Amino acid sequence: MFAGDHDIDRAVAELARLLPDTLKPLARVAYDYRWSWSADGPALFKDVDAERWARTGRNPRRLLTEVHPSALQSAADDSPFVARVHRLSQELAQDRARPSFSGVVTQERPVAFCCSEFGVHGSLPIYSGGLGVLAGDILKEASDLALPMVGVGLMYRTGYFHQRIDVTGYQHEYWLDADPERLPCVKVTGADGRPVAVHIPINDEGVVAHVWRVDVGRVPLYLLDTDLPENSPVGRWVTSRVYESNRAIRLAQYAVLGVGGVRALHALGITPAVYHLNEGHPVLGVFELLSQIRAQSQPGITDEDAWRQVREQVVFTTHTPVPAGNETYQRHEVLQMLGRIADLVGDRERFLSLGRIDPQWLDQPMGMSALALRSSRHANAVSRRHGEVARAMWQPLFPDKAVKDVPITHVTNGVHIPTWLHGPMRTLLDQHLGEGWLRRADQAATWAPVADIPASQLWAARCAARRALVELVARRGAGDRLRRGDPLDYAEAVGSGFDPDRLTIGFARRIATYKRLHLVALLPDRALALLSGDHPVQFVFAGKAHPDDTAAKEVVRQVFSLKRAPGVAGRAAFLEDYDIPLAGHLVAGCDVWVNVPRPPNEASGTSGMKSCLGGGLQLSVLDGWWSEAFDGSNGWAINGDVDTDHDAQDQRDARDMFNLLEHEVVPMFHDRDADGIPQRWVAMMRRSLMTNGPRFSATRMVVEYASRVYPRA
Ligand SMILES: *Cc1c(COP(=O)(O)O)cnc(C)c1O
């Protein structure tokens, strides 16, 4: 049905040759990430060989090719296991065979969802953080809804960096080869059997890209890759790293993603009904659309008509409420790397002006967000508050409009429930919410039975999830510390100190300064007091700072400066290398999820939504999604007003955070009934699940895109 089907079939047949007869259906399962969100998929592969599964980074293609033949043979001889293989393989086949969601987009004219990163699974390292994970969740949800969609992105050969923190708390980075030859993906070939090749003009050379296909359920994700021997060293480097530091290379990435993406779809015979630009990075594709339209139209089509036809096909989601996040480039930078793309428009000055806020101001730098706002028929922010912020921020682009009339709406983010809900809470909700509840997860009524789940069961699920996290913290924390060169007793303190019954507070996200991890260390006496006394808490931290963000790296060091204080070694741990699998463990296990961004800088935030699914409670600044989610009974809130004096605001918000923790969170957790159950806490968990579960599901989000954004007005 989509380009690359025969390449997938060939790869599946090759993999199946390595497998005993009864396990052959696993080959197709391995080439479709749909297994990762089916109920038994992850456990099934793990049961082949748990140690090998972990060592391959949970990559099923590698597991099946690298596992010892004796492990495959014993799985093949185990009839209950073989029955599970057949059930999973049938489930995936039936999922694929469902008819498509009917609407403006069709199997012949799908949505092309374009993004610079995709966080689909830990084994596919082509993401850095929230933007990518959201993009991955959107593909998965489109698959679940049978909404016809293809993804377009880049195959980064070394992905995002891996993190090591040294003994002083300073972050170091290293990169590993992703090696697509061992990932569950295929290179797409044409009728001649050779890889489909796409040419993109950058710099003063051309670069050639091949196209990989990764299946995410029913959605094929096409990834462009320029690491080919026919390209120059610069050309080969373009798809090396997610958010490469070199600005010229970043511009080249945008060209490959945008222009290359549109050309690749054309070469693959895919004609999208809508191009959804997830953030501005893929926007240069509009120039390729423009030249396609000119080539196909009657001679003499006006510039205005051609642009109108481009805009009709493009919708844009902005994720960045701070001007600094909307990167801009000087004219010489742009023209050096993108001059020949500017020539697709025919007029380099016109090209530059489209990316300026004020087109007439010749020295103003060019940005992809401004260009995307100008070249799309619909633009949206990712939470209600972010919508307000984005309208004010981009008003200068619409000088004849008042802020409230700036044409930027919002579609609040959501998270893909089958990806983020695991373990005991998944089992409990499956028992109580009724057959097929995931398909109705966007409806409040679906979650109503949570009110009747006995407190003892909710609390048992919470305690089991916490216990699993504490085991992980003990293992990983000790390993991290030994690698850092900490003394043995310090390394072992995390194992002996963390307690499965203790109130566990999580703070994990990208370490950007506006996320304000430093508030934790701003009032050190109060932080240390929380770790001691009759009712101590334990903290788990994780997060990566961008390699060039020295201020953010300094924040990590500031937090580490407390590591030798009494009580810290056994009650606080920073886990290295935050990624999708680690995020999964943290959001599932923490009792309280803390988020203290400097308002109004948080566009949405999604980790808190994931935490809600596992019964975690939010303690967050009223910014991003939390400003529309908090209702006074479903978590805790810190004032979200903006103070231009950052230091004053930091002090005030740190005090508010510690006040809430000391006076509300800790006492409520320890207020137990005769059976040892914290009834008020469980009541808040119920409120959180019932109010946040339906509203912040990816189902609600993708249905909104499909009903409000993709159809033309
Ligand atoms: C969900 C997620 C994020 C986004 O978290 P925020 O709350 O938006 O900061 C970042 N990284 C990973 C690995 C995630 O899973």
Side-chain angles (χ1 to χ4, degrees), residues 36-37 57-58 115-141 159-163 242-243 278-279 317 319-322 325 381-383 385-386 412-422 506-517 540-546 549 552 555 575-590 592-614 616 618-621 623-627 629 635 692 696-698 701:
S36 71
W37 74 92
R58 300 188 184 85
C115 190
S116 59
E117 48 168 317
F118 285 91
V120 173
H121 186 258
S123 60
L124 185 64
I126 54 167
Y127 66 94
S128 90
L131 180 74
V133 175
L134 180 84
D137 278 6
I138 285 177
L139 300 191
K140 293 172 186 174
E141 190 65 43
Y160 198 51
F161 76 90
H162 291 270
Q163 176 190 53
V242 188
Y243 305 127
N278 196 42
E279 197 56 296
T317 299
H319 292 261
T320 319
V322 273
V382 291
S383 71
R385 182 166 188 189
H386 179 219
T412 302
N413 285 341
V415 295
H416 184 244
I417 295 176
T419 295
W420 296 105
L421 175 62
H422 288 289
F507 184 112
R509 49 189 49 83
R510 215 155 38 79
I511 312 272
T513 45
Y514 82 84
K515 300 264 194 184
R516 296 197 299 179
L517 171 62
V540 190
F541 301 104
K544 294 174 171 178
H546 187 277
D549 191 346
V555 169
L575 300 184
E576 291 177 357
D577 225 15
Y578 187 52
D579 60 3
I580 289 177
L582 182 54
H585 291 294
L586 293 173
V587 295
C590 289
V592 178
W593 196 252
V594 172
N595 189 22
V596 285
R598 172 172 294 128
N601 290 334
E602 182 87 314
S604 165
T606 50
S607 57
M609 303 172 185
K610 302 167 192 166
S611 143
C612 288
L613 296 173
Q618 308 307 303
L619 191 166
S620 174
V621 168
D623 197 14
W625 78 285
W626 193 236
S627 75
N692 299 322
F696 302 100
S697 68
M701 165 178 66

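Every value quoted in this text rests on a predicted model; they were computed, and no experiment measured them. Whatever order the structure lists ligands and atoms in, that order sets their numbers, starting from 1.
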Look at the aromatic rings of Tyr243 and Tyr160 and report parallel, tilted or perpendicular, splitting at 30° and 60°.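 Correct class here is perpendicular.
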
Note the single closest protein heavy atom to atom 10 (C) of ligand 1, along with its residue, its atom name and the distance in Å.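 Ranked first by proximity to atom 10 (C) of ligand 1 is Gly130 N, 3.4 Å.
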
Which heavy atom of the protein is the closest neighbour of atom 7 (O) of ligand 1, given with residue, atom name and distance?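 Minimum-distance protein heavy atom for atom 7 (O) of ligand 1 reads Ser607 OG, 2.5 Å.
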
So, for Ser604 and Val382, which heavy atoms are closest and what is the spacing to 0.1 Å?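 Smallest interatomic distance, heavy atoms only, reads CB-O, 3.5 Å.
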
Just go through Val382, Thr606, Leu586 and tell me whose heavy atom is the nearest to atom 8 (O) of ligand 1.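 Going through Val382, Thr606, Leu586 one by one, Thr606 has the nearest heavy atom to atom 8 (O) of ligand 1.
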
Output yes when a side-chain donor or acceptor of Asn595 lies under 3.5 Å from a complementary backbone atom of Ser620, and no otherwise.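 Not confirmed, Asn595 side chain does not pair with Ser620 backbone.
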
Taking 4.0 angstrom as the limit and counting only heavy atoms of Arg509, give me the atoms of ligand 1 inside it, by number and element.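 Counting from 1, the qualifying ligand atoms are 9 (O).
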
Ile138 versus Phe118: any side-chain heavy-atom pair under 4.5 Å?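 Contact flag for Ile138/Phe118 side chains = no.
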
Shortest non-hydrogen contact from Trp420 to Ile580?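 Reported closest heavy-atom pair: CH2-CG2, 3.9 Å.
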
With backbone taken as N, CA, C and O and side chain as the heavy atoms from C-beta onward, which portion of Leu582 lies under 4.0 Å from ligand 1: side chain, backbone, both, or neither?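 Contact part for Leu582 vs ligand 1: neither.
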
Does even one non-hydrogen atom of Trp625 get within less than 4.0 Å of ligand 1?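 Under 4.0 Å: no for Trp625.
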
What residue and heavy atom of the protein are closest to atom 9 (O) of ligand 1, and at what distance?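 In this structure, atom 9 (O) of ligand 1 has Lys515 NZ, 2.9 Å as its nearest protein heavy atom.
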
Just jot down the ligand 1 atoms closer than 4.0 angstrom to any heavy atom of Trp420, in number order.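 In order of numbering, the contacting atoms are 15 (O).
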
Starting from atom 11 (N) of ligand 1, what is the nearest protein heavy atom, named by residue and atom, and what distance separates them?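 It is Tyr578 CE2, 3.5 Å.
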
Side-chain (Asn413) to main-chain (Thr606) donor-acceptor, under 3.5 angstrom: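 Pair absent, no side-chain N/O of Asn413 close to backbone of Thr606.
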
Nitrogen or oxygen of Lys610 less than 3.5 angstrom from that of ligand 1: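 Between Lys610 and ligand 1 (N or O atoms, distance only) the closest approach is under 3.5 Å.
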
For Gln618 and Ser611, test the side chains for any donor-to-acceptor distance below 3.5 angstrom and give the result as yes or no.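 Looking only at side-chain atoms, Ser611 and Gln618 do form a donor-acceptor pair, the distance falling under 3.5 Å.
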
